[in-house]
Amino acid sequence: MYDVITIGEAMVTFNPGSTGPMKFVNTFEKKIGGAELNLAIGCARLGLKAGWISRLGNDEFGRYIQTFTRGEGIDVSQVELVDGYPTSLNFKEIMEDGSVRTFYYRDKSPTLTLTADDLNEKYFKEAKILHLTGIYPAIAPGNIAIVDQAIALAKKHGLKISFDPNIRLRMWTKDEARAALSRILPDVDILLAGDEEMDIIIGESDPKAIIEKVKDLGISYIAIKQGEKGSVGYHNGEMIEAASVKAAKVVDTVGAGDGFNAGVLYGITKGWPLEKTMNFANTIGSMVVGVKGDNEGLPYYEDVQGRLGEIERIER
Ligand SMILES: O=C(O)C(=O)C[C@H](O)[C@H](O)COP(=O)(O)O
């Protein structure tokens with residue numbers, strides 16, 4: 001039984017060897033990124049059983065991502081390497097103040113070859129949570145039909161649907177994002193969203209106003225991410241404002257949201273109280289930003305316990 005399954009694209013991600021405008025960066029480090037895969041890695045490192053549905057290019061980069069993912073203990077039985085579609089790339093620019101821009105090379109994404117019929121019903125039957133993001137439907141309008149089929153299978157087999165809008169305005173316009181993602185919201189059980197993203201989708205950025213609006217859609221678990229301002233969680237009539245956890249050092253903010261999401265899904269899976277779950281998720285977010293790369297900073301469960309002072313950290 002899988003705790004979490006997810007559908008999405010992963011890219012070979014090139015992290016800059018120096019800060020500043022990308023055109024002057026001469027060295028890059030080869031890493032891996034992709035919101036849904038990051039989430040699966042975060043869950044797997046915490047000890048959950050995760051599966052990833054995807055397509056990669058039948059090339060060296062595709063093999064690299066597949067091997068890495070398998071090595072993280074994630075099920076890759078629903079991942080195929082396809083000919084004629086090169087594995088997508090993402091180059092990152094990191095400025096001195098920590099701000100990030102990304103430059104995608106993903107127009108011919110291997111995930112374009114995935115069809116609704118490829119979704120294996122048996123796989124959904126064996127899972128508890130389906131995690132979706134707004135990145136996958138942004139890759140191509142046709143992906144919306146695949147998301148619809150995934151939601152239908154999840155509903156048929158009683159999975160909870162977890163959703164992070166992950167709005168990437170390099171991939172579509174605000175209007176396109178609003179139209180596609182507001183359609184998904186009524187099917188969602190667990191919403192993990194940034195305050196600014198919800199402003200685009202429902203025209204509200206204040207967490208309490210967002211919660212008021214979306215709980216009426218039947219979303220039972222809501223976590224609104226506000227970066228350095230912390231997060232606000234809602235479940236069963238209870239609302240918690242969880243203060244952010246100060247990061248020792250911020251070197252790369254990309255991936256923090258996915259780490260946070262993994263923390264919330266872990267808390268939900270374990271039946272933890274809302275407050276414990278939100279603090280746990282905020283702690284993971286703060287750990288991710290201290291490490292270069294989109295998923296290298298995702299902690300193991302005992303790393304979070306160490307950071308929370310729940311266990312003694314033995315250095316040597
Ligand atoms: O941009 C994309 O399309 C990607 O999937 C690359 C990144 O790995 C995630 O976007 C990280 O997501 P955050 O955790 O929200 O920072």
Side-chain angles (χ1 to χ4, degrees), residues 6-16 28-43 45 52-56 61 65 68-69 72 74 87-94 98-112 131-140 143 162-172 177 180-181 191-198 200 223-228 231 244 247 250-265 281-299:
T6 184
I7 308 175
E9 173 168 62
M11 299 165 287
V12 168
T13 297
F14 289 93
N15 253 68
F28 290 89
E29 246 183 294
K30 177 166 116 314
K31 294 173 177 289
I32 290 169
E36 303 85 359
L37 180 58
N38 296 340
L39 178 282
I41 295 169
C43 289
R45 291 208 188 138
W52 180 50
I53 302 167
S54 193
R55 293 291 180 268
L56 294 162
F61 285 158
I65 296 175
F68 174 87
T69 305
E72 289 290 337
I74 295 163
T87 299
S88 295
L89 308 179
N90 179 19
F91 288 81
K92 282 159 72 179
E93 174 191 78
I94 304 181
S99 59
V100 182
R101 286 198 300 173
T102 56
F103 299 90
Y104 299 126
Y105 293 82
R106 65 195 309 183
D107 290 346
K108 209 177 169 199
S109 163
T111 62
L112 295 173
H131 179 74
L132 298 169
T133 84
I135 297 179
Y136 185 62
I139 293 173
N143 286 358
S162 158
F163 175 64
D164 183 337
N166 273 132
I167 296 181
R168 300 288 178 261
L169 293 175
R170 276 194 191 278
M171 300 177 71
W172 55 2
L181 304 184
L191 177 67
L192 308 160
D195 49 0
E196 290 167 14
E197 295 175 323
M198 291 313 288
I200 294 174
I224 304 300
K225 301 176 257 188
Q226 298 181 285
E228 284 171 6
S231 56
S244 67
V250 179
V251 297
D252 184 352
T253 54
V254 181
D258 302 325
F260 174 93
N261 295 349
V264 174
L265 296 189
N282 278 354
T283 304
I284 295 179
S286 78
M287 293 172 84
V288 173
V289 301
V291 182
K292 261 211 256 175
D294 297 11
N295 48 56
E296 283 80 344
L298 288 164

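Counting starts at 1 for both ligands and their atoms, following the listed order.
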Have a look at [options] and point out the one with the heavy atom closest to [atom].
{"atom": "atom 15 (O) of ligand 1", "options": "Asn166, Val289, Asn295, Val100", "answer": "Asn166"}
{"atom": "atom 11 (C) of ligand 1", "options": "Asp258, Ile32, Asp252", "answer": "Asp258"}
{"atom": "atom 3 (O) of ligand 1", "options": "Arg106, Glu9, Lys225, Glu36", "answer": "Arg106"}
{"atom": "atom 16 (O) of ligand 1", "options": "Ala35, Gly257, Gly255, Gly293", "answer": "Gly255"}

For ligand 1, the portion of Ile135 having any non-hydrogen atom under 4.0 Å away
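Side chain only.
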
Considering the heavy atoms of [X], write down every atom of ligand 1 situated less than 4.0 Å from one of them.
{"X": "Ala256", "answer": "14 (O)"}
{"X": "Val254", "answer": "7 (C), 11 (C), 16 (O)"}
{"X": "Tyr104", "answer": "1 (O), 2 (C), 3 (O)"}
{"X": "Gly33", "answer": "8 (O)"}
{"X": "Asn38", "answer": "7 (C), 8 (O), 9 (C), 11 (C)"}
{"X": "Gly34", "answer": "4 (C), 5 (O), 6 (C), 7 (C), 8 (O)"}

Check for me whether Phe260 has a heavy atom closer than 4.0 Å to any atom of ligand 1.
no

Compute the minimum heavy-atom distance from Thr102 to ligand 1 and say whether it is under 4.0 Å.
no

In Å, rounded to the nearest 0.5 Å, how long is the span from [atom1] of [X] to [atom2] of [Y]?
{"X": "Glu36", "Y": "His131", "atom1": "CD", "atom2": "NE2", "result": "6.5 Å"}
{"X": "Thr102", "Y": "Met11", "atom1": "OG1", "atom2": "CE", "result": "7.5 Å"}
{"X": "Leu56", "Y": "Ile65", "atom1": "CG", "atom2": "CD1", "result": "5.0 Å"}
{"X": "Phe28", "Y": "Thr13", "atom1": "CZ", "atom2": "OG1", "result": "12.0 Å"}
{"X": "Ile167", "Y": "Glu197", "atom1": "CD1", "atom2": "CD", "result": "5.0 Å"}
{"X": "Leu132", "Y": "Ser162", "atom1": "CG", "atom2": "OG", "result": "7.5 Å"}

Purely on distance, is any nitrogen or oxygen of [X] under 3.5 Å from one on ligand 1?
{"X": "Thr253", "result": "no"}
{"X": "Arg168", "result": "yes"}
{"X": "Met11", "result": "no"}

Can you tell me the protein heavy atom closest to atom 7 (C) of ligand 1 and the distance?
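The answer is Asp294 OD2, 3.3 Å.
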
Under 3.5 Å: donor-acceptor pair, side chain of Asn143, backbone of Tyr136
yes

Validation row: Ile94, Asn15 side chains within 4.5 angstrom (heavy atoms):
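Yes, side chains in contact.
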
Is there side-chain contact between Leu181 and Phe163, with heavy atoms separated by less than 4.5 Å?
yes

Ring geometry between Phe61 and Phe14 (parallel below 30°, tilted from 30 to 60°, perpendicular above 60°)
perpendicular

Of all the heavy-atom pairs spanning Leu191 and Pro165, show the shortest one and how long it is.
CD1-CD, 4.4 Å

